[in-house]
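Data first, discussion second: the structure below is written as C-alpha cells.
A, B, ... follow the sequence lines: proteins, then strands. Residue 1 opens every chain. All figures in this text were calculated on a predicted structure; none of them were measured in a lab.
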Number of protein chains: 2
Amino acid sequence: MTLAPRSKQQIHALMKLREMILAGEFAPGERVSELAVVEKLGISRTPVRLALNILQHEGFLQGQTGGGYRVREFSQQDVLDAIEIRGVLEGAAARLAAERRPSEEELDALRQTCRELDTVVKQDMSPDVLQRYSDLNGQFHDQLLALSRSPMLARSLSHVEALPFASPNAFVFVGFADNERSDILKFAQHQHADIVEAISLGEGGRAEALTREHARLARRNLATAQQRVDLLKEVPGSFLFAADAGPEEGRD
Amino acid sequence: MTLAPRSKQQIHALMKLREMILAGEFAPGERVSELAVVEKLGISRTPVRLALNILQHEGFLQGQTGGGYRVREFSQQDVLDAIEIRGVLEGAAARLAAERRPSEEELDALRQTCRELDTVVKQDMSPDVLQRYSDLNGQFHDQLLALSRSPMLARSLSHVEALPFASPNAFVFVGFADNERSDILKFAQHQHADIVEAISLGEGGRAEALTREHARLARRNLATAQQRVDLLKEVPGSFLFAADAGPEEGRD
DNA sequence: TGAGCCTAAATTGTATACAATCGCGTGAAG
DNA sequence: CTTCACGCGATTGTATACAATTTAGGCTCA
C-alpha cells in the first residue's frame, strides 16, 4: 500500500531500506541509526527520517524510547499469526461480499479470474506458469476484497499484507518440488472455486469459513517450507527466508 | 498506540493536530498544508511533517498525489465497517485465547475485571460510574487481547482502534438517556461474562461468535446515537460526532 | 573494589535556507 | 473565441547547520 510517497529521494530511501532489511543486511534487533543509513545510501537525513518512520508503521522497524529504531524481529509464531489474521480478514471480506449481494457483472470479473486460474493449474509447472499463477492469485484476492465494498477492510488488510510473509503469494515461490507444488496449487484453486460459489449463492458463513481455510493452506505450506529451509540453511526461526520470496512477489 | 514519538515538538504537533482534526477545525476533505499548520502551531516544518505522516498512517489524513494531505472523510458505512472489523479481530482474539488455553492465573485477571464490571453496572448511572465502566471495559478488552498471546493481532487491532469511533468505548458517552444506558451496559456486561465463560471452557467458536456480537452491540448503539444526533444537530454523516467522545475516552 | 557522578562524544530532534515541483492565471496566436 | 504555452506564485521536497538529549567511559571518592 505504500501510501503515496511522492518524491524521488524519499521513495528511493524507502525501497532501498526495505530491500536491505528483507535481504537481512541488518541483524534482527540491530539498532539502525540514521547516520549509518545516510552514509550507505548517500541521501540526506530528512528523507531517510521519513522512510524510517514509514517503515516503523509498516512493521519492519520498532521505535525505541529515547530515539532510534531497531529492526523488528518476527518469531515463527508471529509469521503464522500474521497469516491467520489475513485469513480472518479475508474471511470477513468474503462474508461481506456474499452478504452485500454483488451484481452479476461484479461477480463475473472474479469468475473470469477463477477460470483463468483453472487453466493455469492444469499446465506443467514452470517459472512462467508459476508467475502467471501468482499474478492471477493476487488478482483474485484483490477482486474478492473489492467485492466486500469496504475501504476500511481494505485498509486493515493492507496493514497486514505490508508484511511480505503474510501476502497471499508468500508461499508460492518457496521450498517445494514441482509435483508437490502442482498439487498444492490445484487444491488452492479448488478452494477459490468454492469461495466464488459461496459468494454467488449469498452463503456468507460458508464463504468466510472457506476463505479462512484457504489462508490456512498457505500457513501450513509456509510452516512446511520453513521446516525444510531450517534444516537446509540452519537459519532457525529467522523470518528472512520468507522475506526472500517477498520483494519479487508483486501483489500490487 | 502512538508508537513512541519521542520528542517534545513532534508529540506536541501530533496531539494538537489530532485534537484539531477531531474537533472539526478542518473541513473534511479540506487540503491541509504544512505552512498553514506551521503558522497555527508555531512549530517548524520538520516535526509538523513527521506528525502529518503519522496521522496519515493512523488514517486521519490522506496523502495526495503531487504532495500535500487532505482530511480523510469517513462515511457512515466506514464507521460501521470499522466497528465490524474490530469485532472480527477481537473475535479472533477470543478464539485464540480459548484455543491457546490460558492458565488459571491469566484467566483470573479477566475474571476479576468482569466481577468489578458486574458491580459497576448495578450502580446508578452517573458520570463517575460511567467513567469507571469505561475504564474497566477498556481493561477487559485489553486483557482479552493479551490472552490471545498474539503480538500480531494486537498490532492489527491497534491500527483499527486508532480511529476513535472504532474503540470499544466509543459508544459509551454518546446519545443515550441514563436508563437506556444502564440497560445497554447491563446487556454488554452479560456478554462479557459469557465471553469469559467460553474462553474458560476452551470453546473457541462460541467465544468468537459472542465477541463479534458484542461489537455488534456497540455498532447498533452507535448507529442509533448517530441517527439521533443527525436529527438534532443536522450533521449528517459526519464522523465528527463520534470523534467528539474520542479524546477523553481513555482506553488504557 | 565498587558505586556514582561528571564530562565528552555520538546521535537524534529542530529549524531554516534552498531547490524542485505543481498549479493556475494570463497572454498571445490560430 | 478557444486553446496552448509560458511564467510566476505557492507549496512541497531536500540538505544542512545547530540544539538538545542520550550514552558510554573514566575518574574520583567512599
Side-chain angles (χ1 to χ4, degrees), chain A residues 1-21 25-73, chain B residues 1-21 25-73:
Chain A
M1 59 156 186
T2 327
L3 290 155
R6 45 195 163 296
S7 90
K8 259 186 160 169
Q9 298 293 63
Q10 201 180 127
I11 199 175
H12 181 218
L14 184 62
M15 295 182 66
K16 193 76 189 172
L17 267 175
R18 223 188 329 231
E19 201 176 306
M20 286 170 72
I21 293 173
E25 295 193 26
F26 300 98
E30 179 184 337
R31 182 183 184 124
V32 40
S33 83
E34 278 180 33
L35 214 62
V37 173
V38 164
E39 275 183 22
K40 279 195 185 181
L41 301 187
I43 309 176
S44 83
R45 283 181 58 205
T46 311
V48 168
R49 270 180 96 65
L50 252 303
L52 289 172
N53 186 60
I54 290 173
L55 286 169
Q56 180 187 13
H57 277 91
E58 287 184 357
F60 293 106
L61 296 178
Q62 206 162 4
Q64 305 211 108
T65 58
Y69 299 92
R70 323 199 304 272
V71 177
R72 163 89 203 247
E73 294 185 90
Chain B
M1 57 157 186
T2 328
L3 290 155
R6 44 196 164 295
S7 87
K8 259 187 155 172
Q9 299 292 64
Q10 200 178 128
I11 201 175
H12 180 221
L14 184 61
M15 296 182 67
K16 193 74 188 170
L17 267 175
R18 220 183 337 224
E19 199 176 307
M20 287 170 72
I21 293 174
E25 296 193 25
F26 300 98
E30 180 183 335
R31 183 186 184 120
V32 41
S33 83
E34 277 180 34
L35 213 62
V37 174
V38 164
E39 274 183 25
K40 278 195 185 178
L41 301 187
I43 309 176
S44 83
R45 283 181 58 203
T46 311
V48 168
R49 267 180 97 64
L50 251 304
L52 289 172
N53 186 60
I54 291 173
L55 286 169
Q56 179 187 14
H57 277 91
E58 287 184 355
F60 293 106
L61 295 178
Q62 204 163 8
Q64 305 211 109
T65 58
Y69 301 91
R70 321 199 308 269
V71 177
R72 165 89 203 244
E73 294 184 89

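Taking CG of B:Asn53 as the start and CG of A:Leu50 as the end, the distance is 5.0 Å to the nearest 0.5 Å. Taken from CD1 in A:Ile54 to CD in B:Gln56, the straight-line distance is 7.5 Å, to the nearest 0.5 Å. Distance check: A:Gln62 CD to A:Arg70 CZ gives 4.5 Å after rounding to the nearest 0.5 Å. Note that the CG atom of B:Leu17 and the CG atom of B:Leu41 stand 5.5 Å from one another [nearest 0.5 Å]. We find the CD1-NZ distance between A:Ile11 and A:Lys16 to be 14.0 Å, quoted to the nearest 0.5 Å. Atom-to-atom distance recorded for B:Phe60:CZ and B:Leu14:CG is 9.5 Å, nearest 0.5 angstrom.
Distance A:Asn53 CG to D:dG13 P: 14 Å, rounded to the nearest Å. In this structure, A:Lys8 atom NZ and C:dA20 atom C1' are separated by 11 Å, rounded to whole Å. Here the P atom of nucleotide D:dG13 and the CG atom of A:Leu50 are 8 Å apart, to the nearest Å. Going from atom CD of B:Glu34 over to atom C1' of D:dT14 covers 12 Å, rounded to whole Å. Protein atom CG of A:Leu14 is 14 Å distant from nucleotide atom P of D:dG13, rounded to whole Å. Nucleotide D:dT12 holds its C1' atom 10 Å from the OH atom of B:Tyr69, rounded to whole Å. Regarding B:Gln56, its CD atom lies at a distance of 13 Å from the P atom of D:dT12, rounded to whole Å. The CD-C1' distance, from B:Gln9 to D:dA19, rounds to 12 Å in whole Å.
With sequence neighbours excluded, the residues that form a salt bridge (Lys or Arg N to Asp or Glu O under 4.0 Å) with B:Arg45 are B:Glu34. With sequence neighbours excluded, the residues forming a side chain to side chain contact (heavy atoms under 4.5 Å, CB included) with A:Arg31 are A:Gln64, listed by chain and number.
Applying the 4.0 Å criterion to OP1 and OP2 of D:dT12, one finds that B:Arg49 has every side-chain N and O outside that range.
Minimum atom distance to the side chain of A:Leu35 is reached by C:dT11, of the listed D:dT11, D:dT14, C:dT11.
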Please write out each protein N/O paired with an N/O of nucleotides 23-25 of chain C under 3.5 Å, distance rounded to 0.1 Å.
none

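Using a 4.0 Å cut-off on heavy atoms, the residues of residues 36-47 of chain B that approach DNA chain D are B:Arg45, listed by number.
Closest of all the heavy-atom pairs between A:Ile43 and A:His12 is CD1-ND1, 3.5 Å.
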